[in-house]
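Accompanying notes for the structure given below.
Just so we're clear, the structure is a prediction, and the values are computed from it rather than from any experiment. FYI, side chains are in, hydrogens and waters are out, and symmetry mates aren't considered; it's all heavy atoms of this structure.
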Amino acid sequence: MTKAELIGIMAKSSGVTKDKAAKALCAFEDAVTKELKKGGKLALVGFGTFSVAKRKAREGRNPQTGKTIKIPAKKVVKFKAGKELAGKVK
């Protein structure tokens, strides 16, 4: 599903225009981004939790040459599905 398709579904199910649904989705994305940037986490009960984790620096291999390369440390976004969401996906 693309972002445009998601916006269409949101608009139809909530009875608003696609423009308003797009603004709501952008506002949600902005709120999640701001919270994760400051190191927090966002928990939506029943849906899941967004958080930030630190990934250590490590060594990897270039698959084309087999040469060892250094992969720098970085922060990554994690999502853990909530119990309700996980149960519905089964």
Determine the minimum heavy-atom distance between Leu42 and Val32, stating which atoms define it. CD2-CG2, 3.3 Å
Quick test of your reading: applying salt bridge (charged side-chain N to carboxylate O under 4.0 Å, His left out), list the pairs with at least one residue in residues 16-45, sequence neighbours left out, ordered by first then second residue. Lys3-Glu29, Asp19-Lys23, Glu35-Lys38
Please collect all ring pair (Phe, Tyr, Trp, His ring centres under 6.0 Å) contacts where either partner lies in residues 6-44, sequence neighbours excluded, each pair once. none
Can you name the nearest heavy-atom pair linking Ala53 to Lys78, along with the distance? CB-CE, 3.6 Å
Restricting to non-hydrogen atoms, name the atom on Glu59 and the atom on Ile71 that form the minimum distance, rounded to 0.1 Å. C-CD1, 4.5 Å
Salt bridge (charged side-chain N to carboxylate O under 4.0 Å, His left out): which pairs involve residues 61-76, sequence neighbours left out? none
By ring-ring contact (aromatic ring centres under 6.0 Å, His included) - contacts of Phe47 (at least two apart): Phe79
Identify all side-chain donor-acceptor contacts of residues 5-13 below 3.5 Å with residues at least two apart in sequence or on another chain.
from  : atom 1 : to    : atom 2 : distance (Å)
Glu5  : OE1    : Thr2  : N      : 2.8
Ser13 : OG     : Ile9  : O      : 3.1
Ser13 : OG     : Met10 : O      : 3.4

Heavy-atom nearest pair, Phe50 first then Leu44, reads CE1-CD1, 4.4 Å
